[in-house]
Amino acid sequence: MPYAIIVLPIAQQSCYTYEVPVSFQKEIQIGQQVVVPLGRKFYGGIVLKLSEDKPSYPTKSIISIWDKKPIVSSEQIAFWKWMASYYMCALGEVMTAALPAGFRIESEHKVHLTKTDYIPDSETERLIIDALQHGALDLKTLDESLGGKLEVLKALLEKEVVQIHTQHNQRFKPKEVVFLYPRENITTEEINKLSELQSHVLLRLIDLSKTEKVSKSKFLEEEGVTESPIKTLIKKEFIISQKEKVYRHSFKYPKETKPLYELSEIQQQKYGEIKKQFETHSTVLLHGITSSGKTEIYTHLIAKELEKGRFVLFLLPEIALTTQLAERLAIFFGKQLLVYHSKYSTNERVEVWRKLQAKDKPYVVIGARSAIFLPFHDLGLIVVDEEHEPSFKQQDPAPRYHGRDAAIYLAYLQNSKVLLGSATPSLESYFNVQLGKYGLVELFQRYQDILPPEIILIDSTEASRKKRMKGLFTPELIKAMNETLENGEQVILFQNRRGYSYFVKCENCDTIPHCPNCDVSLSLHKYANTLDCHYCNYSISYAKHKCGECQGEDFSTIGIGTEQIEEQTTALFPNYLSDRIDWDTTTGKHSYEKILSKFKNGETKILIGTQMLAKGLDFDNVGLVAILNADLLLHYPDFRAYERSFQLLLQVSGRAGRKKKQGKVLIQTYKPKHPVLKLVKESAYTPLYNQQIRERNAFHYPPVYYMMKIKLKHKNKQKVEEAAYLLGEDLKNIFGARTYGAHTPLVSRVKNFYLQEIILKIERKSSYAKAKQLTSEAISRVKQTKGFSSIHIGADVDVF
DNA sequence: AGCACGCCGACT
DNA sequence: GTCGGCGTGCTC
Ligand SMILES: [Zn+2]
Ligand SMILES: [Zn+2]
């Protein structure tokens with residue numbers, strides 16, 4: 001076929017058609033990565049379709065086929081297309097999100113000196129030629145050092161004094177390891193003729209080679225020998241040294257695998273129910289309380305699929321959780337288990353991708369949401385654990401997809417089953433159960449006689465009025481903590497706010513320092529002694545800060561974050577070691593694991609943290625979990641605040657479940673009669689669901705209604721407001737009262753961009769796809785309006 | 001997304 | 001008069 005339609009990794013709605021040179025026509029295939037020119041740049045694009053038809057416009061030619069083997073399958077292309085249309089973004093944006101960065105092709109332009117006898121015309125020419133004497137230079141670097149005087153370079157090009165060579169490179173670099181092999185049929189006589197050291201080294205190598213491939217570097221290190229005897233042995237042809245490409249794996253696999261643990265009677269029964277539900281539903285929700293042993297059930301289901309030769313994908317909401325689970329499952333699945341997420345090195349991600357394409361054996365992949373883009377070809381099961389977690393939804397760069405929902409579509413394409421797991425299901429999933437779309441299996445019995453924690457609500461009002469609070473600690477909490485700690489048990493303190501305080505205030509004039517780039521107050525971080533913006537990376541020294549209004553140097557802190565809780569804890573419990581786990585303490589590569597293992601082995605007695613503590617962590621000596629201020633969650637300005645509070649509080653409480661002894665959960669609040677807190681105390685999911693669904697229905701919120709948000713942003717406040725108004729009116733003409741806004745969001749400016757938003761709430765009985773299409777058309781009308789072309793307009797479908 | 005082109009204000 | 005800002009439009 002002489003023409004190819006190609007998607008490029010750019011945020012552009014349309015794809016491009018290129019001519020396929022005759023020499024490539026035999027080998028070109030859908031899914032291959034090819035190098036193509038666009039404007040004056042080069043990109044690596046994916047072949048979507050081949051065609052006989054000559055387009056009406058002139059075409060450029062494909063420059064090269066990067067890999068003969070396609071890097072994506074036609075099923076993946078179908079998945080990408082669905083995502084672009086469902087989440088209202090460009091196919092190129094999906095491509096960027098889907099492909100590991102290591103596949104990306106980057107072009108560099110090198111300037112070479114071709115004439116050595118040229119006499120420069122000007123000072124600039126002389127400078128360029130001097131610079132090129134020592135070898136070719138990158139065009140960009142040369143351009144930067146010239147300060148935009150490209151004219152001179154162009155003149156030199158025309159005079160053929162210099163030439164530009166364009167080279168395309170891929171970021172992925174295979175890892176190469178030197179392996180040592182003993183030559184075959186070495187006789188004892190030959191060995192006896194060698195020096196003592198050489199014969200020792202050789203015998204050791206022969207021995208080791210019987211069971212494994214021996215890498216040179218590892219051999220040198222483990223045997224404590226130097227290179228010289230090996231060099232001699234290679235020269236004497238006793239050892240063959242060979243460089244080979246290998247897969248990297250930073251994940252430490254266990255030496256041996258074990259058979260699966262047997263399921264308990266109840267687990268066995270639930271396993272059967274899930275299987276049964278799969279006969280009639282492709283998606284099943286497993287509503288199982290904390291410590292009910294959901295993971296064991298997953299493990300058996302995974303093993304079953306692998307036995308059948310089918311692949312399994314296990315999705316988790318947080319990268320930090322993948323390692324924990326992988327360690328647990330690798331005991332059973334060994335090297336059939338792979339880990340994949342965006343914090344993995346680009347090289348390793350490419351290798352996981354290639355391993356799946358090799359199709360040599362079925363794998364179970366544990367990953368965060370980006371793992372849905374892997375080249376699966378025979379997926380049997382997708383497990384989405386902690387399915388209620390909002391972090392499954394991608395936030396900023398498009399595609400703003402929901403990992404769980406995208407996984408369900410992927411399963412549909414692959415003819416696979418999906419198992420959603422949660423102790424506190426999302427209203428979305430439970431709603432789908434009610435509609436009969438998903439199957440439901442309930443597991444309310446605790447595993448191995450673990451007792452459910454006792455949940456106690458504490459009214460902070462009284463202690464506060466009587467001035468008996470010590471910071472955020474009520475006397476009841478302090479008493480309970482003392483008892484627990486004296487018992488040799490551990491304590492978890494939960495406060496969903498990082499930093500030292502919410503903000504600071506000038507003691508003299510009450511002015512609150514704000515971020516110069518965003519419309520938010522700065523948060524105090526006492527440990528780093530800085531005032532930070534949580535929306536951009538603005539950070540200033542707290543010690544040196546003077547009030548912008550009155551130059552005052554003294555500030556008081558307002559609101560209490562995890563850092564201050566840690567300070568108060570140390571003051572109240574000086575004899576017990578405490579630690580903190582939040583966004584600020586987990587930026588390092590293994591910091592998260594380190595903090596957790598210190599707590600697990602009992603080194604730390606008190607662990608303070610944000611919602612990071614809520615997700616799937618198991619501790620066995622936690623006697624007390626305390627939520628310092630539940631009101632902070634309940635008053636969060638979001639329609640999901642009550643649902644989220646319920647989930648978070650129950651998840652955090654779940655950390656207090658232990659064998660034999662009942663754990664305790666204290667919830668401090670100024671509103672002990674709050675209906676949600678009452679339901680948390682009783683762990684009553686269904687009443688919460690019913691009550692919330694009524695509310696969502698009354699106010700036209702998901703899951704009863706579809707909802708999407710159109711976000712507008714621009715550097716100019718007036719401009720973005722005008723555009724948003726125009727779009728709002730346009731949408732009102734189409735959707736009437738289903739349109740809400742345009743309005744200014746709570747945080748009206750981020751990174752110097754002014755923001756506006758419009759919400760659309762659509763009835764489930766109407767076509768969501770049609771609504772999106774009409775919205776897209778309205779957006780393009782606004783973009784075509786004079787003066788508004790530079791306004792960024794993006795859609796967030798199924799907002800979180 | 002990048003990149004060039006072109007139109008307007010403000011400085012050597 | 002030119003430099004550089006940004007708004008606009010185009011890329012197969
Ligand atoms: Zn002041
Ligand atoms: Zn900021």
Side-chain angles (χ1 to χ4, degrees), chain A residues 1-21 24-25 28 30 32-65 80 84 87-99 101 103-109 138-140 142-144 146-154 164 166 168 396-400 711-723 726 751-754 779-795:
Chain A
M1 300 253 194
Y3 296 97
I5 297 152
I6 287 158
V7 58
L8 302 174
I10 53 176
Q12 237 262 97
Q13 231 34 63
S14 54
C15 297
Y16 294 99
T17 306
Y18 287 86
E19 207 172 311
V20 185
F24 295 157
Q25 285 187 15
I28 197 153
I30 288 170
Q32 275 171 335
Q33 183 164 226
V34 294
V35 180
V36 293
L38 181 73
R40 23 183 73 227
K41 286 207 70 173
F42 295 93
Y43 290 93
I46 301 292
V47 180
L48 293 179
K49 212 176 143 185
L50 296 168
S51 157
E52 292 285 357
D53 309 328
K54 186 182 164 69
S56 54
Y57 43 79
T59 51
K60 286 187 184 174
S61 277
I62 288 172
I63 291 173
S64 68
I65 294 175
W80 291 9
Y87 289 106
M88 294 175 76
C89 68
L91 193 59
E93 291 174 302
V94 179
M95 174 180 168
T96 308
L99 286 182
F103 278 129
R104 192 157 307 156
I105 290 165
E106 282 150 357
S107 43
E108 59 175 3
H109 307 278
D138 188 59
L139 180 60
K140 243 189 197 156
L142 195 62
D143 184 25
E144 275 159 21
L146 279 168
K149 286 191 181 155
L150 271 181
E151 304 301 314
V152 188
L153 195 65
K154 268 186 196 156
I164 293 180
T166 301
H168 309 288
D396 226 358
R400 295 179 186 83
K711 301 179 188 177
L712 298 93
K713 72 177 199 181
H714 196 266
K715 290 232 155 90
N716 183 313
K717 186 167 188 262
Q718 200 194 333
K719 228 173 182 175
V720 71
E721 281 171 3
E722 281 170 15
L726 184 70
K751 293 177 188 167
N752 278 323
F753 279 96
Y754 288 89
I779 291 172
S780 11
R781 281 194 289 276
V782 171
K783 287 212 120 193
Q784 278 159 23
T785 310
K786 207 159 183 63
F788 293 159
S789 71
S790 56
I791 291 182
H792 300 265
I793 309 181

task = Working to the nearest 0.5 Å, report the span between OG1 of A:T17 and CD1 of A:I6.
result = 8.0 Å
request  = Under 4.0 Å from any heavy atom of chain A: name the first and the last nucleotide of DNA chain B that qualifies, 5' to 3'.
outcome  =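 Reading along DNA chain B, I get B:dA1 to B:dA4.
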task = Could you tell me whether A:K41 sits above the aromatic face of A:Y43, with NZ or CZ closer than 6.0 angstrom to the six-membered ring centre and within 45 degrees of the axis?
result =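 The answer is yes; both the distance and angle limits are met.
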query = Does the cation-pi check pass for A:K715 over A:F753, that is, NZ or CZ under 6.0 Å from the six-membered ring centre and within 45° of its axis?
reply =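 Pair A:K715/A:F753 counts as cation-pi.
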key: For A:Y16, all residues meeting ring pair (Phe, Tyr, Trp, His ring centres under 6.0 Å), sequence neighbours excluded   =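 Scan of A:Y16 (ring pair (Phe, Tyr, Trp, His ring centres under 6.0 Å), adjacent residues dropped) gives none.
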task = Report, as a single string ordered 5' to 3', how protein heavy atoms within less than 4.0 Å touch nucleotides 5-12 of chain C: B base, S sugar-phosphate only, - not at all.
result = --SS--BB
ask   = Closest nucleotide of DNA chain B for A:H792 versus for A:R40: which of these residues is on the 5' side?
value = A:H792
With a 3.5 Å distance limit and no angle check, can you tell me whether [X] reaches the backbone of [Y] through a side-chain donor-acceptor pair?
{"X": "A:S789", "Y": "A:T785", "result": "no"}
{"X": "A:R400", "Y": "A:A795", "result": "yes"}
{"X": "A:K49", "Y": "A:Y3", "result": "no"}

query = Taking the side chain as C-beta and beyond, is there a heavy-atom pair between A:V47 and A:V20 under 4.5 Å?
reply = no
